[in-house]
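Taking it in order: structure first as structure tokens, then the write-up.
This one's a predicted model, so the numbers in the text were calculated from it and none came from an experiment. Just so we're on the same page: letters track the sequence lines, and every chain starts at 1.
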Protein chains: 2
Amino acid sequence: MNSHGQLPPKARLLQAAAELLANSAGKPVSTRQITELAGVTAPTLYHHFGDKEGLFNAVIDAGFEEYVAGEHNFTPTGRPLVDVRQIWDNHLKFGLDNPQLYSVMFGNIRPESRPARVAEAEGFMEEMLEKAAAAGQLCVSPQEAARSILAANVGVTLMLIAEPAAERNFDLSDMTREAVISAVSSETELDAAGAPVGASSVVVAAIALNAALESSHPEQLSTTELKMFLEWLDRIAKTS
Amino acid sequence: MNSHGQLPPKARLLQAAAELLANSAGKPVSTRQITELAGVTAPTLYHHFGDKEGLFNAVIDAGFEEYVAGEHNFTPTGRPLVDVRQIWDNHLKFGLDNPQLYSVMFGNIRPESRPARVAEAEGFMEEMLEKAAAAGQLCVSPQEAARSILAANVGVTLMLIAEPAAERNFDLSDMTREAVISAVSSETELDAAGAPVGASSVVVAAIALNAALESSHPEQLSTTELKMFLEWLDRIAKTS
DNA sequence: TAGCACCTATAACATCGCTATATGAAGTGA
DNA sequence: TCACTTCATATAGCGATGTTATAGGTGCTA
């Protein structure tokens, strides 16, 4: 009756759960459905995964990471903010393709399991944003930027999941995405001919800071501290 | 045994449901709990509210609207975008005060019932944004703006609900709020008080340099020098 | 062979949302 | 006053859910 005869029970459970979660649009999936499709009985599920949520988390572990950042959907371009857009779109696509799974991950309360998943999603985002920050494209810390972008991404995804697939207007996603990205980025878009900032990014940033300090002196440092700071900054800026 | 003896059963059910939803942090609330606290039996619930979700919707109808836009929390200022900020903050506060109720409303999938609630919340936002549009402060349609702002608002609220109350950082809310508002508004970037938004260029440059140094350490400074340098850099970056 | 983990099945438990049916109360018209 | 209707509540139970106590294999090591 099931088509997973040759796999071990644990893998069959994972596969059955993923299949049912993906196909049953919206409606909850029961453990009995899962075990029946997998061709095992209930205790097998609880032996391997603890409880229903454990199984769902395992499905997510197996699928989410590769789906969002996997090779099929994402190849870094070297331009951080472009990659951030790609991460946003992949996140949205994952949510729309796996609405049930997505709501378990992001729409639920559970203060125990959710932060781990959220932190993972934040990780991708932050990784990219650190590169953006290194290139001087960020006006806030990568952590703050990642949290803000992810929050908006989740909100948009839940919003679009909730409305009928036929009426979905992706302008909402594009508009909100650009809003949060432009709010955390410090400069206008990097132009098409703009050279990617590689190993010299430290120097570039040091020069930029040096120039900025010319016109505005921070109150956080004493004059002696500032003098020494500027000297070191100068040493860094003269590298090449 | 219950404290709602004098009210009619329908009102007792509403009150019991609201009380249980507000207090049982995270865990689902059963119809049996509700009917027991209300001092009635199951069919009474289904007679008045159809099903469990109908009762929850009734609780929301009774509480959400007045909470978000009620007199106690909201008095229009006449400046539409200021009011939009107030709606955002009230929305967030409602979510944090009623996490269980909130997740039923916004974190769930149900494509049948959710859009109605969402549309209601969108209504408040759109109302204000139409005034903003009439005043020439919008660069997109009020509908689009309301959807984008609400989506971000929901995402931020779910994000903050999910993390322990002690660690909640409301900068996430403020930052994201200003991001989406400024993206839909046609005016130059001004905050609530009318001052330009954005960090100074010194801070921007400091953050960029800090991030750049994460991946590449310069050889021009000794480790002790670098340590002190990074500390000062951190102090500068935290200005604002 | 004996023993020992590991894995799985039988069978059931407690609870869930919900309802078929019946009973009481309250008004209405004769 | 007496049916008759209508609304509101209760009794009792259904089917489905997540979960588990118990026991039976299955294969490996000694």
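Remark: B:Ser182 OG to B:Arg177 CZ distance equals 11.5 Å, nearest 0.5 Å. The distance from the CG atom of A:Leu172 to the OG atom of B:Ser148 is 6.0 Å, given to the nearest 0.5 Å.
Atom P of nucleotide C:dG17 and atom CG of B:Leu20 are separated by 12 Å, given to the nearest angstrom. One can place NE2 of B:His47 at 18 Å from P of C:dA22, the figure rounded to the nearest angstrom. In this entry the distance linking CG of B:Asp51 with C1' of C:dC16 reads 14 Å, nearest Å. In this structure, the CD atom of B:Glu36 is 10 Å from the P atom of C:dC16, given to the nearest Å. Between the CG atom of A:Leu45 and the P atom of C:dT8 there is a distance of 11 Å, rounded to whole Å. Nucleotide C:dG17 holds its C1' atom 15 Å from the CG atom of B:Leu13, rounded to whole Å. Counting to the nearest Å, the P atom of C:dT15 and the CZ atom of B:Arg32 are 9 Å from each other. The interatomic distance linking B:Tyr46 (OH) with C:dC18 (P) rounds to 4 Å, in whole Å.
Where A:Ala42 and A:Lys10 meet DNA chain C, the nucleotide closest to each residue was compared, and A:Lys10 sits on the side nearer the 5' end.
A distance-only check finds no donor-acceptor pair linking the side chain of A:Thr44 to the backbone of A:Val40 [under 3.5 Å]. Listed for the B:Glu163 side chain is no donor-acceptor partner under 3.5 Å among the backbone atoms of B:Leu160.
Using a 4.0 Å cutoff to heavy atoms of chain B, the contacted part of DNA chain D runs 5' to 3' from D:dA8 to D:dG13.
Comparing atom distances between the B:Thr31 side chain and each of C:dC18, C:dC7, C:dG17 picks out C:dG17 as nearest.
Salt bridge absent: A:Asp171 and B:Arg147 never bring a charged side-chain N and a carboxylate O closer than 4.0 Å.
Between B:Ser30 and C:dC16 there is a side-chain N or O to OP1 or OP2 distance below 4.0 Å. Put simply, A:Thr44 has a side-chain N or O that comes within less than 4.0 Å of OP1 or OP2 on C:dA9.
For residues 122-136 of chain B, every residue pair satisfying the side-chain hydrogen bond (donor to acceptor under 3.5 Å, both in side chains) rule, not counting sequence neighbours, is listed here: B:Glu126-B:Gln143.
Side-chain contact between B:Met159 and A:Phe106 is absent, with no heavy atoms from C-beta onward closer than 4.5 Å.
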